[in-house]
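The structure appears right after this line, and notes come after that.
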Amino acid sequence: MNQEVSHKRYLSLIERKTLLRIYLISSMAPMVLWVCEGWFGIGAPHDRWAQPLFSLVMLGLYAGLKRYPQSLVTTQRIAV
């Protein structure tokens, strides 16, 4: 069985600087929503853990892309 690694080039339509901002905004927005839902007492039970988890994932992608600029396509794949 031949399992060669594919070395194809991929086109990224979003620049690194723009993607960093998207990750930062997408990590902060659920936390603002989480606080507001908690304050008003209207949050669903699964939102108590899902929204902070989503924020941590997006913040991790932000930190990874900030530290390793060559991981642009990889972080985009994870985010999708």
Side-chain angles (χ1 to χ4, degrees):
M1 188 179 225
N2 191 2
Q3 295 181 350
E4 294 181 24
V5 177
S6 176
H7 294 287
K8 296 179 183 176
R9 292 182 178 225
Y10 294 95
L11 175 64
S12 175
L13 299 177
I14 301 175
E15 276 190 36
R16 179 180 168 269
K17 190 165 66 169
T18 304
L19 194 58
L20 283 170
R21 290 179 182 150
I22 290 172
Y23 287 156
L24 195 58
I25 291 168
S26 66
S27 70
M28 297 305 286
M31 290 311 296
V32 170
L33 184 64
W34 183 69
V35 168
C36 290
E37 285 180 351
W39 190 23
F40 291 114
I42 58 172
H46 65 276
D47 285 344
R48 292 185 182 147
W49 59 269
Q51 288 174 344
L53 180 65
F54 178 75
S55 291
L56 284 175
V57 169
M58 288 295 137
L59 198 58
L61 291 173
Y62 171 83
L65 184 59
K66 184 98 168 151
R67 184 173 175 125
Y68 304 106
Q70 69 275 12
S71 68
L72 179 70
V73 175
T74 304
T75 59
Q76 286 179 348
R77 287 181 182 163
I78 294 169
V80 170

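What you are looking at is a predicted structure, and each value in this text was computed from that prediction instead of being measured.
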Spatial distance of atom CE (Met58) from atom CD1 (Ile25) [nearest 0.5 Å] | 12.5 Å
Nearest-0.5 Å distance that lies between atom CD1 in Ile42 and atom CG in Asp47 = 10.0 Å
In chain order, what residues pass the side chain to side chain contact (heavy atoms under 4.5 Å, CB included) check against Leu33, with sequence neighbours excluded?
-> Glu37, Gln51
Do you know which two heavy atoms are closest between Tyr68 and Ser71, and how far apart they sit?
-> O-OG, 2.7 Å
If every non-hydrogen atom of Lys66 is compared with every non-hydrogen atom of Leu20, which pair is closest and at what distance?
-> N-CD2, 3.8 Å
Same cluster for Ile14 and Leu24 if Ile/Leu/Val/Met/Phe/Trp/Tyr side chains link at under 4.5 Å?
-> yes
Any pair counted as side chain to side chain donor-acceptor pair (under 3.5 Å), so long as it reaches residues 18-34, sequence neighbours left out | Tyr23-Thr75
Given side chains that start at C-beta, do those of Thr74 and Ile78 come closer than 4.5 Å, heavy atoms only?
-> yes
Is any side-chain heavy atom of Pro52 closer than 4.5 Å to a side-chain heavy atom of Met31?
-> yes
